[in-house]
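Read through the structure below, which is laid out as structure tokens, and then see the notes.
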Amino acid sequence: MGFRKDFLWGGATAANQCEGGYKEGKRGLSNIDVLPFGKDRFPVGMGKMKMFECDENHYYPSHEAIDMYNHYKEDIALFAEMGFKCYRLSIAWTRIFPTGEETTPNEEGLKFYEDLFDECLKYGIEPLVTICHFDVPMNLVEKYGSWRNRKLVDLYVRYCEAIFTRFKDKVKYWLTFNEINMILHLPFVGAGLYFEEGDNEEEVKYQAAHHQLVASALATKLAHEINPEFKIGCMLAAGNTYANTCAPEDVFKSIQKDRENYFFIDVQSRGYYPAYALKELERKGISLKMEQEDEKILRENTVDFISFSYYSSRLTSADPEISATTEGNVFATLKNPYLKASEWGWQIDPLGLRITMNSLYDRYQKPLFIVENGLGAVDTPDENGEINDDYRIEYLRQHIKAMKDAVELDGVDLWGYTSWGCIDLVSASTGEMKKRYGYIYVDKNNDGSGTLKRSKKKSFNWYKQVIASNGENLENKQEVELVCN
Ligand code: BG6
């Protein structure tokens, strides 16, 4: 009973939120590099405000981030000390193809990741690589309008070929796109989409999504040809949508809401556009441009496993009068009176994780991998400089317990768990440093000041104990309340 013996415990990061070194090693500029801190971040992230280059009046958190580019050895050593079996990271597309259009990859970029993977493997840590975690070369945004253009499919596959070939003996687990459904909710961040006046935004988003789905399937095909041992996963920003009441209208609305997100995984896992999506596109008057071979490509190249992020469940109502929303991983949701919430309003629902796991496993019958989960919180060092993050331990304890129940009591096949931001990093939604997820504290502030010094939080040793016991010992001696706003 319990987790499988080879369960992949670990942590997750993304290049654009931790690496920094945005001009080092001949790296090119990406969409996330022009995403500023402050009030303009959201409109730029939504593709509503044009910011195609950096200016003097803004601060851009990705440029230095936590400078993992120059600290990765120290950071991986700390992951190894916690007993990580797996480290999820992303490759920055612009380190490998700075403009996205070169015909040969940038050797400095490849070498950087090769050294990083070797460092992981030295400690027996399995790398799990996200090929595209939100970043698109800015050159492709400006020249082609990013994923709205079919051209991106070939360029992405070229990028995949370069990394699959180079790392075929070092990396086994790959994710094609991080949170592929993010394109609907934060399109410039999720896919480099900027909207011009007169654009049919829905159509642009779904056309770009189609290109990503085809690109994902072609990458899966190529991966299996290059190394049949490769395991390729899709990645969903997950969290089931509850109905506000048992009124059938509310229940049906919750099904529709979930389908908006399942749509992507339905295609990636089952290999075809589901009937409900075709009907919905028809109703919206959206006609997608598809090539003749697309259907076959999608059908023949489905993913090997389903990965997802889980921070919260969601709540919806069919009644337009009910509208008090709260934040939650970019998806606004109704406030659930049964749940507490983080300082950023993200509602905390450990049982929701078990519910989500069951839904995904029932729907796809493929192994699951939880590649993000965690609590973004303000950490304040005490008088001795220590961070006693019992609130984070409690959040993780309850979620890991729910995940264990899904495995032990419901029989869900789960390959691993990599909690988000195992080392503090830049928040994707707000650009803040003060929204911290890590077991490792990084001395860096919202305004970019700080020494970048790393130190262990209380949760560091707690997670070490969880991994050492393969999830059997979740105990924390300190009794604490979950965070509540
Ligand atoms: C997910 C992303 O949406 O949530 C991560 O894949 C992100 O990149 C994480 O950091 C947490 O969100 P935030 O906004 O708190 O950083």
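Just so it is clear, the model here is predicted, and its values are computed rather than measured. First listed ligand is number 1; within each ligand, the first listed atom is number 1. In what follows, residues are counted from 1 in the order of the sequence shown.
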Contact check, W344 vs ligand 1, heavy-atom distance below 4.0 Å: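 Contact absent.
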
Pairs touching residues 86-99 that satisfy salt bridge (Lys or Arg N to Asp or Glu O under 4.0 Å), sequence neighbours left out: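 Qualifying pairs, neighbours excluded: E19-R95, R88-E372.
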
Within residues 433-446 or reaching into it, pairs that qualify as salt bridge (Lys or Arg N to Asp or Glu O under 4.0 Å) - sequence neighbours excluded: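 Qualifying pairs, neighbours excluded: E64-K444, D424-R436.
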
Proximal atoms of ligand 1 relative to [X] (non-hydrogen, under 4.0 Å):
{"X": "Y437", "result": "11 (C), 12 (O), 13 (P), 15 (O)"}
{"X": "N178", "result": "6 (O)"}
{"X": "S427", "result": "13 (P), 14 (O), 15 (O), 16 (O)"}
{"X": "Y311", "result": "4 (O), 9 (C), 11 (C)"}

Proximity to ligand 1 by part of A14, non-hydrogen separation under 4.0 Å: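 Neither; no heavy atom under 4.0 Å.
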
Y310 contact mode with ligand 1 (heavy-atom cut-off under 4.0 Å):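 Answer for Y310: neither.
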
Geometric class of the F84/Y439 ring pair [parallel <30°, tilted 30-60°, perpendicular >60°]: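 Aromatic pair Y439/F84 classed perpendicular.
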
Option passing side chain to side chain contact (heavy atoms under 4.5 Å, CB included) with T176 (candidates T220, L213, T130):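 Between T176 and the candidates, side chain to side chain contact (heavy atoms under 4.5 Å, CB included) is satisfied uniquely by T220.
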
Side-chain touch V378/E343, heavy atoms, less than 4.5 angstrom: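 V378 vs E343: side chains touch.
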
Distance-only N or O hit between ligand 1 and M182, under 3.5 Å: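 N/O-N/O distance under 3.5 Å: no.
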
Short N or O distance, E179 and ligand 1, threshold 3.5 Å exclusive: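 Such a contact does occur with ligand 1.
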
